[in-house]
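A short write-up of the structure that comes next.
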2 protein chains.
Amino acid sequence: MARKRFDDSNCSVARALNQVGDWWSLLIVLHAMYGTRRFVDFQQELGIAKNILCDRLARLVDNGVLKRVEVGEHGSRFEYRLTEKGRDLFPVVIALRQWGDKWNPSPDEAPLDLRDRVTGQSIQPVQVQNAEGEPVTVRDVFVSKEPMPGSKKDSA
Amino acid sequence: MARKRFDDSNCSVARALNQVGDWWSLLIVLHAMYGTRRFVDFQQELGIAKNILCDRLARLVDNGVLKRVEVGEHGSRFEYRLTEKGRDLFPVVIALRQWGDKWNPSPDEAPLDLRDRVTGQSIQPVQVQNAEGEPVTVRDVFVSKEPMPGSKKDSA
DNA sequence: TTAATCTGGTTTTAATATGCAACTCTATTA
DNA sequence: TAATAGAGTTGCATATTAAAACCAGATTAA
């Protein structure tokens with residue numbers, strides 16, 4: 001049977017997964033962040049079948065994560081570039097990468113090191129922070145359904 | 001043909017997606033973070049088919065994201081609880097949720113508000129930070145393959 | 001103590017999705 | 001003009017998914 005879709009779920013995680021929650025999409029976004037733009041480059045770097053790549057690129061373009069740009073110099077050549085929405089997946093991808101590095105380290109290779117372009121220093125682990133900037137875990141938070149009118153101290 | 005697997009990819013994102021990169025796994029983890037532990041509760045909250053839920057729970061247990069705990073009071077009842085590895089997906093899930101809230105807001109519902117249990121304040125957006133704690137985007141970083149011997153200033 | 005129910009699963013079946021290879025079409029290059 | 005590259009599309013065999021039926025051990029209900 002068909003895969004279930006979550007477009008109209010009222011859970012934003014479900015809706016997000018609907019757009020980038022399959023095996024390939026986030027990898028495509030990742031490579032786009034690393035600089036890949038061309039169909040053939042995605043195909044070779046990822047080892048993905050061309051029809052699947054077509055489908056995923058089209059879906060990502062439909063969802064506004066990528067945009068398809070005609071690089072017209074020579075005719076019908078295209079580039080797929082991240083939109084702001086796509087670039088905004090950066091924390092997701094990095095959090096996932098750090099989780100993978102921590103819990104499923106590659107046996108033979110050192111993890112890639114991401115560094116600040118100006119300082120050359122490694123970036124920090126992505127963490128969830130409270131209003132004071134202190135890291136919090138899942139145990140430190142609760143879910144409030146209220147739209148947060150004025151940030152009360154009590155639990156409402 | 002079979003889905004392609006990334007167990008032995010030297011990309012940690014690919015390996016991470018191999019464990020939690022399907023449509024359901026992260027949603028299961030999300031609900032586990034919200035407190036769900038029982039098979040039937042997952043099934044009803046997610047609207048997932050039982051065979052798929054079985055498969056995903058087993059895979060998450062195999063991968064060390066969940067652990068299966070026998071709650072023996074009455075016999076064969078089980079709970080699925082997050083391990084530390086599973087809880088460590090918190091930044092990933094939250095980043096994804098915030099991305100979804102920002103770019104695919106629910107037409108009718110206000111996004112859930114996550115708050116610090118002690119202060120009652122909303123948590124901050126997840127962001128990637130450089131060594132100084134300043135937020136960086138994908139454009140502010142570069143990838144270094146070196147294992148970072150002494151944090152040189154030049155691009156190596 | 002027999003029947004109904006809950007829980008956590010497995011099996012069956014049909015619909016989809018995936019991966020591969022082959023093919024198309026346009027534009028460049030030899 | 002032929003060959004090649006980029007970006008797809010199509011056909012087919014196989015895997016995966018979803019829904020629903022079925023199963024088996026415990027619990028409750030009568």
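A note on names: the letters A, B, ... follow the listed sequences, proteins ahead of strands, and every chain is numbered from 1.
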ask   = Would you say a side-chain N or O of W24(A) is under 4.0 Å from OP1 or OP2 of dG19(C)?
value = yes
task = For the residue pair D88(B) and W103(A), confirm or rule out a side-chain donor-acceptor distance under 3.5 Å.
result = yes
task = Find the distance R5(A):CZ to dA18(D):C1' and express it as a whole number of Å.
result = 14 Å
task = Quickly work out the K4(A) NZ to dA17(C) C1' distance and round it to whole Å.
result = 17 Å
key: Sequence-distant partners of R38(A), side-chain hydrogen bond (donor to acceptor under 3.5 Å, both in side chains), two or more places apart   = none
inquiry  = Distance check needed: dA15(C) C1' versus I52(B) CD1, whole Å only.
reply    = 13 Å
ask   = Over how many whole Å does the gap from N18(B) atom CG to dT16(D) atom P extend?
value = 12 Å
Nearest-angstrom distance from the residue atom CD of E70(B) to P of dT7(C) = 16 Å
ask   = Rounded to whole angstrom units, what separation is found between the CG atom of D22(B) and the C1' atom of dT16(D)?
value = 11 Å
Between the protein and nucleotides 6-9 of chain D, are there any N/O to N/O pairs under 3.5 Å, and if so, what are the atom names and distances?
{"from": "dA7(D)", "atom 1": "OP1", "to": "R38(A)", "atom 2": "NE", "distance (Å)": "3.3"}
{"from": "dA7(D)", "atom 1": "OP1", "to": "F78(A)", "atom 2": "N", "distance (Å)": "3.1"}
{"from": "dA7(D)", "atom 1": "OP1", "to": "F78(A)", "atom 2": "O", "distance (Å)": "3.0"}
{"from": "dA7(D)", "atom 1": "OP2", "to": "F39(A)", "atom 2": "N", "distance (Å)": "3.3"}
{"from": "dA7(D)", "atom 1": "OP2", "to": "V40(A)", "atom 2": "N", "distance (Å)": "3.4"}
{"from": "dG8(D)", "atom 1": "OP1", "to": "R68(A)", "atom 2": "NE", "distance (Å)": "3.3"}
{"from": "dG8(D)", "atom 1": "OP1", "to": "R68(A)", "atom 2": "NH2", "distance (Å)": "2.2"}
{"from": "dG8(D)", "atom 1": "OP1", "to": "Y80(A)", "atom 2": "OH", "distance (Å)": "3.4"}
{"from": "dG8(D)", "atom 1": "OP2", "to": "Y80(A)", "atom 2": "OH", "distance (Å)": "2.2"}
{"from": "dG8(D)", "atom 1": "N7", "to": "K50(A)", "atom 2": "NZ", "distance (Å)": "3.1"}
{"from": "dG8(D)", "atom 1": "O6", "to": "K50(A)", "atom 2": "NZ", "distance (Å)": "2.5"}

note = Per atom distances to the A49(A) side chain, the nearest of dC20(C), dT16(D), dT18(C) is dC20(C)
inquiry  = Check this for me, if you would: do R15(B) and D7(B) make a salt bridge, where the nitrogen-to-carboxylate-oxygen distance has to be below 4.0 angstrom?
reply    = no
query = By salt bridge (charged side-chain N to carboxylate O under 4.0 Å, His left out), which residues pair with E45(A), not counting sequence neighbours?
reply = none
request  = Check whether any side-chain nitrogen or oxygen of R3(A) sits under 4.0 Å from OP1 or OP2 of dT18(C), and answer yes or no.
outcome  = no
task = Determine whether Y34(A) and V65(A) fall in the same hydrophobic cluster, where Ile, Leu, Val, Met, Phe, Trp and Tyr are linked whenever their side-chain heavy atoms lie under 4.5 Å apart.
result = yes
query = Separation of I48(B) atom CD1 from dT16(D) atom C1', in whole Å?
reply = 13 Å
message = Pairing donors with acceptors under 3.5 angstrom, does anything connect the side chains of N10(B) and S106(A)?
response = no
query = If you take all heavy atoms of I123(A) and Q98(A), which pair is closest and at what distance?
reply = CD1-NE2, 4.3 Å
key: Interatomic distance, L27(B) CG vs dA18(D) P [rounded to whole Å]   = 11 Å
